[in-house]
2 protein chains.
Amino acid sequence: MIACDTCLIRNRAICSVLDDTEVAGLNRIGRRRKVRRGETVIWEGDDAPVVANVLTGMLKLTSVTGDGREQIVGVSFPSDFVGRPFGAGSGNSVTALTDAELCVFARSSFDAFARSHPALEHELLERTLAELDRAREWMLLLGRKSAGERVATFLLETSHRLGRQNCSTEATDPDRFDLPLSRRQTADILGLTIETVSRQIGRLREAGIFLPPVRRTTEILDRDLLRAEAEQG
Amino acid sequence: MIACDTCLIRNRAICSVLDDTEVAGLNRIGRRRKVRRGETVIWEGDDAPVVANVLTGMLKLTSVTGDGREQIVGVSFPSDFVGRPFGAGSGNSVTALTDAELCVFARSSFDAFARSHPALEHELLERTLAELDRAREWMLLLGRKSAGERVATFLLETSHRLGRQNCSTEATDPDRFDLPLSRRQTADILGLTIETVSRQIGRLREAGIFLPPVRRTTEILDRDLLRAEAEQG
DNA sequence: CGATTCTTTGACACCTATCAATCTTAGTGG
DNA sequence: CCACTAAGATTGATAGGTGTCAAAGAATCG
């Protein structure tokens with residue numbers, strides 16, 4: 001009996017392409033680690049000696065300028081892979097947005113394991129390509145969209161990603177979701193200030209399109225109008 | 001004798017990890033294609049039935065909003081790989097910035113070939129990870145940097161990438177390079193307007209930091225000051 | 001219930017976009 | 001080779017969107 005047998009994301013993480021024997025091998029070089037909200041797992045510019053699977057919780061990937069301006073360049077959910085395997089040090093920090101649990105590997109061990117398991121590398125490649133797609137879509141948002149469009153796009157994208165995340169058997173309403181992000185974090189995702197995000201959300205609330213957090217739970221009231229706002233708001 | 005034997009980028013493209021027999025196999029499913037400046041090879045949202053190695057020239061990857069605002073999300077040089085293998089259709093268009101020559105593969109054939117050649121997939125993974133690093137660094141620029149910082153960063157980055165590109169035996173001056181980009185294209189990379197880019201370049205010229213294009217050839221006069229501008233200009 | 005943190009709201013300033021005109025470059029045909 | 005044209009780049013005036021600064025209002029947590 002190894003830890004992976006009881007792993008909640010055994011069938012969704014990169015491990016899903018490995019058979020039981022192979023998973024046992026991977027299990028041998030990994031260990032579980034709990035992190036608290038706000039704790040930074042990997043530091044930007046560091047040699048980034050670890051990579052990990054996200055078991056529970058949410059994490060942010062950030063880049064920061066010399067004088068402290070921060071941009072969130074990615075958000076990781078359970079079953080996502082975080083860290084930078086192969087060669088280069090990490091270009092961004094990884095910090096827990098909520099309490100989280102990780103399955104951590106020393107990078108050197110993981111690199112060696114991956115190199116000898118092509119199926120794992122293929123899965124990693126598919127995920128990296130998907131992440132690159134997402135990053136490039138976000139570049140369009142950061143470079144060319146107005147504050148209103150950004151906030152609307154963010155709400156749609158968040159609803160979509162959290163919907164995929166929810167794995168309960170019963171169908172859940174994609175228009176209602178818990179958003180464990182502060183204004184600062186939302187602003188850091190959208191390349192805006194907290195005040196601008198606040199005003200745009202206020203605008204959507206007044207327009208009856210969106211219902212802001214009541215104890216973290218937020219709701220999209222008019223998805224069609226929100227989509228229109230995302231295109232040109 | 002196959003086409004790859006005379007290929008200028010045989011040792012720099014993803015093919016470099018294949019032996020002669022394997023390259024022959026890849027050669028069998030590929031074909032060369034010349035494209036003219038401005039020609040679009042892959043259309044955003046298309047099924048994107050092709051991937052390719054860049055042999056000569058420069059290409060841009062772009063995302064576009066519904067109403068025509070464009071963001072350049074990547075620039076490809078000789079030996080770079082373009083297109084979206086495995087599953088998802090392409091999220092962005094690929095358009096030639098200069099006349100260019102490509103080594104094109106039907107995506108289905110390439111996918112199959114790659115899956116049966118782990119070394120190739122590993123190389124693809126390394127390149128995709130590096131591209132993701134670059135994309136995320138650019139997200140910081142688009143989300144958090146001022147116009148002055150963007151232009152300065154762009155000049156440094158361009159100098160760096162074109163320097164690596166130049167493979168002549170003699171050492172070339174990294175501070176002098178040819179920049180085959182119009183103001184519009186530069187603006188679309190930086191998420192700015194052409195007027196703002198023009199003004200910022202004018203500012204750097206007046207400050208004696210940078211010499212704008214004379215018949216495409218541009219020159220960095222004071223790299224240290226330019227670096228300072230990139231941090232907070 | 002008090003203290004801290006986060007969010008909202010307002011007033012104002014500034015940066016960048018927009019609009020418009022001039023100037024330069026590149027390309028074409030006489 | 002030069003004039004002519006069209007496209008691209010620069011420069012200027014103006015406006016608008018977002019950032020900044022400040023204060024008041026919620027929410028969270030002991």
Side-chain angles (χ1 to χ4, degrees), chain A residues 36-38 65 67-71 97-99 141-155 178-207 210-218 229 232-233, chain B residues 36-38 60 65 67-71 97-99 140-155 178-207 210-218 229 232-233:
Chain A
R36 305 293 294 272
R37 180 159 71 92
T65 62
D67 60 344
R69 284 166 288 171
E70 175 172 321
Q71 177 66 44
L97 290 170
T98 65
D99 288 351
L141 177 139
L142 294 173
R144 291 300 183 206
K145 293 195 179 177
S146 70
E149 293 171 315
R150 293 187 200 197
V151 170
T153 304
F154 165 76
L155 292 172
D178 280 15
L179 192 57
L181 293 176
S182 68
R183 281 282 171 280
R184 169 118 299 283
Q185 287 157 354
T186 308
D188 286 342
I189 288 176
L190 296 175
L192 299 169
T193 59
I194 54 178
E195 294 93 335
T196 298
V197 172
S198 188
R199 279 185 251 267
Q200 292 299 331
I201 285 183
R203 205 173 52 78
L204 292 176
R205 176 173 44 71
E206 283 169 30
F210 174 75
L211 218 56
V214 178
R215 298 177 55 78
R216 298 262 93 124
T217 300
T218 61
E229 291 280 337
Q232 37 185 318
Chain B
R36 306 292 296 272
R37 182 161 70 92
K60 63 173 180 179
T65 62
D67 60 346
R69 284 166 287 173
E70 175 173 318
Q71 178 65 42
L97 289 171
T98 65
D99 289 352
L140 177 64
L141 178 143
L142 294 173
R144 290 298 182 209
K145 292 193 180 179
S146 70
E149 292 170 315
R150 293 187 202 199
V151 169
T153 304
F154 165 76
L155 292 173
D178 279 16
L179 192 57
L181 293 175
S182 68
R183 280 283 172 279
R184 168 118 300 284
Q185 288 157 354
T186 308
D188 287 342
I189 289 176
L190 296 175
L192 300 169
T193 59
I194 54 178
E195 295 93 335
T196 298
V197 173
S198 188
R199 279 186 249 267
Q200 292 300 330
I201 285 183
R203 205 173 52 78
L204 292 176
R205 176 173 43 70
E206 284 169 31
F210 174 74
L211 218 55
V214 178
R215 301 177 54 78
R216 297 263 94 125
T217 300
T218 61
E229 291 280 337
Q232 39 185 316

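Chain letters run A, B, ... following the sequence lines, proteins first, then strands; residues in each count from 1. Predicted model only: the values in this text are computed from it and were never measured. Atoms considered below: every heavy atom in the structure, side chains included; atoms not considered: hydrogens, waters and symmetry mates.
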Next item on the list: Kindly give the heavy-atom pair with the smallest separation between A:Val197 and A:Arg183, and that separation in Å.
Entry: CG1-CD, 4.0 Å
Next item on the list: Applying side-chain contact (heavy atoms from CB on, under 4.5 Å), run through B:Leu192 and B:Phe154 and close with a yes or a no.
Entry: CA-CA 12 Å; B:Leu192 300 169; B:Phe154 165 76; over 6 Å; no
Note to self: On DNA chain C, does the nearest nucleotide to B:Gly191 precede the nearest nucleotide to A:Pro212 from the 5' side, or the other way round? Give the residue.
What the structure shows: A:Pro212
Margin query: Rounded to whole Å, how long is the line connecting atom NZ of A:Lys145 with atom C1' of C:dA17?
Written below: 19 Å
Checklist line | Interatomic distance, A:Ile194 CD1 vs D:dT20 C1' [rounded to whole Å] | finding: 11 Å
Check: Expressed in angstrom and rounded to an integer, what is the separation of B:Arg183 atom CZ from C:dT25 atom P?
Finding: 12 Å
Under 3.5 Å, N/O pairs linking protein and nucleotides 18-23 of chain C:
| unit_1 | atom_1 | unit_2 | atom_2 | d |
| --- | --- | --- | --- | --- |
| C:dT18 | O4 | B:Arg199 | NH2 | 3.0 |
| C:dC19 | N4 | B:Glu195 | OE2 | 3.1 |

Check: Counting any heavy atom closer than 4.0 Å, what does B:Arg205 reach on the DNA or RNA strands: base, sugar-phosphate only, or nothing?
Finding: sugar-phosphate
Notebook entry, point to check: Which whole-number value in Å describes the distance from A:Gln200 CD to D:dG16 C1'?
Noted result: 14 Å
Checklist line | Spacing of B:Arg203 atom CZ relative to D:dT10 atom C1', expressed in whole Å | finding: 16 Å
Check: Considering heavy-atom distances to DNA chain D, does A:Val197 or B:Ser198 have its closest nucleotide positioned more toward the 5' end?
Finding: B:Ser198
Note to self: I'd like to know if the side chain of B:Thr153 and the backbone of B:Glu149 have a donor-acceptor N/O pair within less than 3.5 Å.
What the structure shows: yes
Next item on the list: To the nearest Å, give me how far apart CG (A:Leu179) and P (C:dT7) are.
Entry: 11 Å
Margin query: My understanding is that only one of A:Asp188, A:Thr65, A:Asp67 makes a side-chain hydrogen bond (donor to acceptor under 3.5 Å, both in side chains) with B:Arg144; could you say which?
Written below: A:Asp188
Next item on the list: Using side chain to side chain contact (heavy atoms under 4.5 Å, CB included) as the criterion, list what pairs up with B:Ser182, not counting sequence neighbours.
Entry: B:Arg184, B:Gln185
Item checked: Partners meeting side-chain hydrogen bond (donor to acceptor under 3.5 Å, both in side chains) with B:Thr186 (sequence neighbours left out) -> none
Notebook entry, point to check: Expressed in angstrom and rounded to an integer, what is the separation of A:Leu192 atom CG from C:dT8 atom P?
Noted result: 14 Å
Note to self: Among residues at least two apart in sequence or on other chains, which ones pass side chain to side chain contact (heavy atoms under 4.5 Å, CB included) with B:Arg37?
What the structure shows: B:Asp99
Notebook entry, point to check: How long is the span from the OG1 atom in A:Thr98 to the CG atom in A:Asp178, to the nearest 0.5 Å?
Noted result: 11.5 Å
Note to self: Listing request: all salt bridge (charged side-chain N to carboxylate O under 4.0 Å, His left out) pairs with a residue in residues 189-202 of chain A, at least two apart in sequence or in separate chains.
What the structure shows: none
Margin query: Rounding to an integer number of Å, can you tell me how far A:Ile201 CD1 sits from D:dA26 P?
Written below: 17 Å
Check: So how far off straight is the helix from C:dC1-D:dG30 to C:dG30-D:dC1, going by the axes through five pairs at either end, to 10°?
Finding: 50°
